[in-house]
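Working notes for the structure below.
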Amino acid sequence: MKIQSIELWSVPLTLRSPFTTSFGTYRQLDRPFVIVRTTDGLTGIGEVPTLSDPAYKAECDPYAVMTSLQTFVVPAVFKRQKQIGSIGTVDDLCSSYDWIKGAGFAKSGVEAAFWDLEAQQKQQPLWRLWGGRARQFPVGVSIGGNTVEDVLTRAEKAVGLGYQRLKVKIWPGFDAAPATALRQAYPDILLQIDANSAYTLDTWTDLKALDDLELLLIEQPLFDDDIVLHSEIATQLQAPVCLDESVHSLRDAQAAMHLWQRNGILDRLIINIKPPRVSGFSEAIEIANACNDQQVRTWIGGMLDSAWGKAMNLNFNGLDCIDLPGDHFSPGGPYFEQDLTLEPLSAPNGIFTLTDAVGSGVEFDWKTFGSLGTRVATFEG
Ligand code: OSB
Ligand code: MG
């Protein structure tokens, strides 16, 4: 594959309803997109699902991502192409920028565009390139409300649309109330909570009060960069502890497995795999397989991605080793006022079915992309 150009775009997407987490409320998100054009006329599209600021994690904001892409990542790819003539595989691509520490979100956008290109070149769906199958699987939703009433309204919509797994955002002072209300309203639903690292060593014990709600998991209660302390508090909670923010790589996932194993609770470790948080799909697939080898359950997290990003993640769920429903849909219809695929994604009765369509399985809406977005930079080989 010979790259002709790489364009960086910024696309503002407006949420249909605000999304609240322990670290803030989002209404509009500026999304970097990486558009890779090859000399033989193919175009690959990679979304970087940034949030507005680095409150979720370092380098998950559009400013850091654009700076990394423009200054280091994209130049490294062209430098490698100059050295070896072409970027034949995703491995070639990743090795061109492996030396850059961090910048996982930025790298994941370039990698996503390359997978899209490879799928077109081989005329295959992404799930097949990734060793999956045309699976049917249940999907979940994430509820980012800021009052119990708001949470219940969103949940009611989600359950009405057939979704069978609910995740609710919590924080100190807003945990038992929303979780208990959801459990009372839906006694049999798969229910999980996500703290986005809002608790400390003084406050995490509040979560023990939720242990009789039969939670599927408790996601990232402690610090965004911590694995060790999570492995310690996990011994004192009945619900499995799920890591999100603190897993950046296969090595981090292995470290977590080591610690949970040492504490004799490996069956209570769950890992949320988000491709952009781990630099892209190739690392994400390695994590999924490594967890599966040790019977550690995994699921695919979202970042309020556009339908383009969600479609790619749904292909990743084609891997048999992904165990639990992912954050692939919003609770009440589409996330955004204007989205970036021609057809909206749909999961009748909460079940998504992968097809044989080439690439992500959906058509990118170039018209909406062009009307909302701005081209920030163009690099040529
Ligand atoms: O921790 O999973 C998270 C959204 C923004 C930041 C962090 C998270 C989330 C979600 C989004 O829960 C879920 C989705 O994309 O559907
Ligand atoms: Mg999370």
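Numbering of ligands and ligand atoms starts at 1, following listing order. These numbers come from the heavy atoms of this one structure, side chains and all, not from hydrogens, waters or symmetry mates.
- Closest N/O/S atom of D194 to the Mg ion (ligand 2): OD2.
- A donor-acceptor pair is defined here as one N or O able to donate and one able to accept, closer than 3.5 Å; such a pair exists between the side chain of T200 and the backbone of D202.
- A salt bridge between R80 and D92 is absent, with no side-chain N of the basic residue lying under 4.0 Å from a carboxylate O of the acidic one.
- The aromatic rings of W99 and F72 lie perpendicular to each other, with more than 60° between the two planes, well past the 30° mark.
- Between K167 and ligand 1, an N or O atom pair is found at a separation short of 3.5 Å.
- Taking every heavy atom of D244 and a limit of under 4.0 angstrom, the matching atoms of ligand 1 come to 1 (O), 2 (O), 3 (C).
- Remark: minimum distance from atom 13 (C) of ligand 1 to any protein heavy atom is reached at S142 CB, 3.5 Å.
- When non-hydrogen atoms are compared, ligand 1 lies under 4.0 Å from the side chain of K169 (C-beta onward) but not from its backbone.
- Note on E219: its N/O/S atom closest to the Mg ion (ligand 2) is OE2.
- In summary, D244 places an N/O/S atom under 2.8 Å from the Mg ion (ligand 2), meeting the contact criterion.
- Checked by distance only, ligand 1 and D194 come closer than 3.5 Å through their nitrogen or oxygen atoms.
- At a heavy-atom distance under 4.0 Å, only side-chain atoms of K310, from C-beta outward, approach ligand 1.
- Proximity annotation for atom 4 (C) of ligand 1: of Y26, F23, F19, Y335, F19 comes nearest, heavy atoms only.
- With T203 contributing its side chain and Y199 its backbone, the two residues share no donor-acceptor pair below 3.5 Å.
- Nearest to atom 3 (C) of ligand 1 by heavy atom, out of K274, H328, M303, is K274.
- Using a distance-only test at 3.5 Å, with no hydrogens or angles considered, a donor-acceptor pair links the side chain of R165 to the main chain of V141.
- Grouping the Ile, Leu, Val, Met, Phe, Trp and Tyr side chains by contacts below 4.5 angstrom, directly or via other members, places W366 with M312.
- For atom 11 (C) of ligand 1, the nearest non-hydrogen atom of the protein is G302 O, 3.6 Å.
- Between R31 and P49, the closest side-chain pair of non-hydrogen atoms falls below 4.5 Å.
- With hydrogens left out, the protein atom closest to atom 6 (C) of ligand 1 is L51 CD1, 3.5 Å, a heavy atom.
- Checked by distance only, ligand 1 and N272 stay at 3.5 Å or farther apart across all their nitrogen or oxygen atoms.
- N349 places no side-chain N or O within donor-acceptor distance of the main-chain N or O of I351, the cut-off being under 3.5 Å.
- We find that K107 and E111 are not joined by a salt bridge, their nearest charged nitrogen and carboxylate oxygen being 4.0 Å or further apart.
- Distances below 4.0 Å separate heavy atoms of Y56 from the following atoms of ligand 1: 1 (O), 7 (C).
- The shortest N or O to N or O distance between L304 and ligand 1 is below 3.5 Å.
- Taking the six-membered ring where tryptophan is involved, the planes of W9 and F369 are tilted, since the angle between them lies from 30° to 60°.
- Applying the 4.0 Å criterion to heavy atoms of N196 picks out, from ligand 1, the atoms 1 (O), 3 (C), 7 (C).
- In this structure, D339 contributes its side chain and T341 its backbone to no donor-acceptor pair below 3.5 Å.
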